[in-house]
**Q** 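Structure below; questions to follow.
So you know, we letter chains A, B, ... as the sequences are listed, proteins then strands, and number each from 1.
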Number of protein chains: 2
Amino acid sequence: MEKQQNLSKNQKIIFDLIDKSPEPLKAYSILFNVQKKGINAPLQVYRALDKLVEIGKIHKIESRNAFIACQNSSCQISKATAFSICESCEKVSEISNTKLSKYLSNFADEAGMKYSKYNLEFFGLCKKCKSK
Amino acid sequence: MEKQQNLSKNQKIIFDLIDKSPEPLKAYSILFNVQKKGINAPLQVYRALDKLVEIGKIHKIESRNAFIACQNSSCQISKATAFSICESCEKVSEISNTKLSKYLSNFADEAGMKYSKYNLEFFGLCKKCKSK
DNA sequence: TTGCAAATGTTATATTATTACATAGTGTTA
DNA sequence: TAACACTATGTAATAATATAACATTTGCAA
Ligand SMILES: [Zn+2]
Ligand SMILES: [Zn+2]
Ligand SMILES: [Zn+2]
Ligand SMILES: [Zn+2]
């Protein structure tokens, strides 16, 4: 949502597409959508996705093999991500809850081990689907 | 680790393999390993995996597309899973921490929405790898 | 013993992701 | 500018992961 000057051409094309999408996009759906812009091969998409994930502009929804733009300006490094996923309509939102992220970032297991990174996916029914 | 009477033939073969493995197994590695037992097609493996996940005997490590046996006798339904993953040696352990699971099971987002299920993956270096 | 649900077998195919190798741009510094 | 390192791009081929479709069999309960 903010600076993207330093994105390369392909990275920018692909980020813009994901950022405009109301739903997570899959790699080959991205590929299909950017072919008119001269991106022809899966690898071009995956390379851009890798970079965008690395710099925190997008996140991968692991359980869906899909990508969404970061909705939380503060998680530039994407080391601490949490999402809510509707199992009916597949709507996905990034959760930015300070208490939750503090709790998880400070979590230490029985052995006292702390972790440098986490990804949390919540599943349920979104408001809309619940009321149906 | 406990009852498995009601597993079918293929389910049992595949569960036993996963349960004995010190590391998460991928579907096609499972397939390769059970071909001598007469399981020849990917679909036979995926069907057993789906069922085993459904009944909570195994869990899928989403970020790795791999499967491990449930190490936590209490999570029969696999609606609340947490794992620690070593980014160096790829060792994976299931975390069973009552506080954590209570915290997450009761978590409600800004809109007050609660979730019926979650999956959490922590990443870092395991003890062994850290001391290298 | 009929009937249903779950599981199996088999083939083909869809979807997701990477390897390998060649080329081009970008910025830094000698 | 020339040399260098680094990042990004282009292209082809292929590997790895997962599902569709359809026929058959098995386990078990009414
Ligand atoms: Zn984010
Ligand atoms: Zn929904
Ligand atoms: Zn478990
Ligand atoms: Zn390790």
Side-chain angles (χ1 to χ4, degrees), chain A residues 3-18 21 23-68 85 87 90 92 119 121, chain B residues 3-18 21 23-68 77-78 85 87 90 92 119 121:
Chain A
K3 65 160 179 172
Q4 53 184 273
Q5 308 90 332
N6 39 10
L7 296 185
S8 75
K9 177 174 142 273
N10 288 0
Q11 287 159 16
K12 187 166 182 341
I13 290 170
I14 286 170
F15 175 72
D16 285 347
L17 182 68
I18 296 173
S21 170
E23 63 200 2
L25 294 179
K26 304 192 141 223
Y28 276 71
S29 132
I30 292 169
L31 175 58
F32 179 80
N33 274 282
V34 296
Q35 280 180 327
K36 51 199 161 208
K37 305 219 174 183
I39 294 177
N40 304 300
L43 191 47
Q44 295 176 288
V45 172
Y46 280 104
R47 282 198 285 224
L49 289 174
D50 286 351
K51 188 66 184 183
L52 290 167
V53 166
E54 184 192 324
I55 64 179
K57 301 282 299 180
I58 65 172
H59 303 302
K60 181 171 188 181
I61 308 301
E62 293 287 357
S63 65
R64 299 299 187 260
N65 296 320
F67 300 84
I68 65 169
I85 302 172
E87 288 186 297
E90 294 294 323
V92 174
N119 179 56
E121 298 182 0
Chain B
K3 66 161 180 172
Q4 51 185 272
Q5 309 89 332
N6 40 10
L7 295 185
S8 75
K9 178 174 141 276
N10 288 1
Q11 288 159 16
K12 186 165 184 343
I13 291 170
I14 286 170
F15 174 72
D16 285 347
L17 182 68
I18 296 173
S21 170
E23 63 200 3
L25 294 179
K26 303 192 142 224
Y28 276 72
S29 131
I30 292 169
L31 175 57
F32 178 81
N33 273 282
V34 296
Q35 281 182 327
K36 50 199 159 210
K37 305 219 175 183
I39 294 177
N40 303 301
L43 193 46
Q44 295 176 286
V45 173
Y46 281 105
R47 282 198 285 225
L49 290 174
D50 285 351
K51 187 67 184 184
L52 292 167
V53 166
E54 184 192 323
I55 63 179
K57 302 282 299 180
I58 65 172
H59 303 302
K60 181 173 187 180
I61 308 300
E62 293 287 355
S63 65
R64 299 299 187 258
N65 297 320
F67 300 84
I68 65 169
I77 340 178
S78 62
I85 303 172
E87 289 186 296
E90 293 294 322
V92 174
N119 179 55
E121 297 182 1

**Q** Just how far, in rounded Å, is P of C/dT15 from CZ of A/Arg64?
**A**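 Interatomic distance, CZ of A/Arg64 to P of C/dT15: 17 Å.
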
**Q** Please tabulate, for side-chain N and O atoms in residues 29-43 of chain B, each donor-acceptor pair with protein atoms closer than 3.5 Å (sequence neighbours left out).
**A**
| unit_1 | atom_1 | unit_2 | atom_2 | d |
| --- | --- | --- | --- | --- |
| B/Asn33 | ND2 | B/Ser29 | O | 2.8 |
| B/Asn40 | ND2 | B/Gly38 | O | 3.3 |

**Q** Separation of A/Arg47 atom CZ from D/dA12 atom C1', in whole Å?
**A**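 So the two atoms are 12 Å apart, to the nearest Å.
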
**Q** Using the six-membered ring for Trp and the full ring for Phe, Tyr or His, decide whether A/Tyr28 stacks on the six-membered base ring of C/dT16 (centres under 5.5 Å, planes under 30°).
**A**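 So A/Tyr28 counts as stacking on the base.
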
**Q** Taking only side-chain nitrogens and oxygens of A/Gln44, does any of them come within less than 4.0 Å of OP1 or OP2 of D/dG10?
**A**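 Checking D/dG10 against A/Gln44, a side-chain N or O does come within under 4.0 Å of OP1 or OP2.
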
**Q** Does A/Lys26 have a side-chain nitrogen or oxygen under 4.0 Å from the phosphate oxygens OP1 or OP2 of C/dT16?
**A**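 Yes, within the criterion.
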
**Q** Please state how far atom NZ in A/Lys12 lies from atom C1' in D/dT7, giving the value in whole angstrom units.
**A**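 Rounding to the nearest Å, NZ of A/Lys12 and C1' of D/dT7 are 19 Å apart.
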
**Q** Measure CG/A/Asn10 against C1'/C/dG25 and give the value in whole Å, please.
**A**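 After rounding, the gap between these two atoms is 12 Å.
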
**Q** Could you state the CG-P distance from B/Asp50 to D/dT17, rounded to the nearest angstrom?
**A**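 Interatomic distance, CG of B/Asp50 to P of D/dT17: 15 Å.
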
**Q** Do you know which of B/Ile13, B/Ile14, B/Asp50, B/Asn10 makes side chain to side chain contact (heavy atoms under 4.5 Å, CB included) with B/Val45?
**A**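 The passing option is B/Ile14.
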
**Q** Can you tell me if the side-chain N/O atoms of A/Lys60 get under 4.0 Å from OP1 or OP2 in C/dT16?
**A**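 Negative; the distance criterion is not met.
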
**Q** Would you compute the distance between atom NZ of A/Lys57 and atom CD of A/Gln11 and round it to the nearest 0.5 angstrom?
**A**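 Rounded to the nearest 0.5 Å, the NZ-CD separation comes to 11.0 Å.
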
**Q** If you check every side-chain atom of B/Leu43, which of C/dG9, C/dT10, D/dG10 has the closest atom?
**A**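 That would be C/dT10.
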
**Q** Taking the side chain as every heavy atom from C-beta outward, state whether B/Glu23 and B/Glu90 have any atom pair closer than 4.5 Å.
**A**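 The answer is no; the side chains never approach within 4.5 Å.
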
**Q** Can you work out whether B/Pro42 or B/Gln11 has the more 5'-proximal nearest nucleotide on DNA chain C?
**A**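 Result of the comparison: B/Gln11.
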
**Q** Between C/dA7, D/dT11, D/dT19, which one does the side chain of B/Tyr46 approach most closely?
**A**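 Output: D/dT19.
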
**Q** Below the 4.0 Å mark, does D/dG27 have OP1 or OP2 next to a side-chain nitrogen or oxygen of B/Ser8?
**A**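 The answer is no; no side-chain N or O of B/Ser8 sits under 4.0 Å from OP1 or OP2.
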
**Q** Are any of the side-chain heavy atoms of A/Asn119 and B/Ser63 separated by less than 4.5 Å?
**A**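 No, every pair of side-chain atoms sits at 4.5 Å or beyond.
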
**Q** Using whole Å, report how far CD of A/Glu62 lies from P of C/dA17.
**A**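 From A/Glu62 CD to C/dA17 P: 9 Å.
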
**Q** Between atom CG in A/Asn6 and atom C1' in D/dC6, what is the gap in whole Å?
**A**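 About 15 Å, once rounded to whole Å.
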
**Q** Separation of A/Asn65 atom CG from C/dA17 atom P, in whole Å?
**A**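 Atom CG in A/Asn65 sits about 4 Å away from atom P in C/dA17.
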
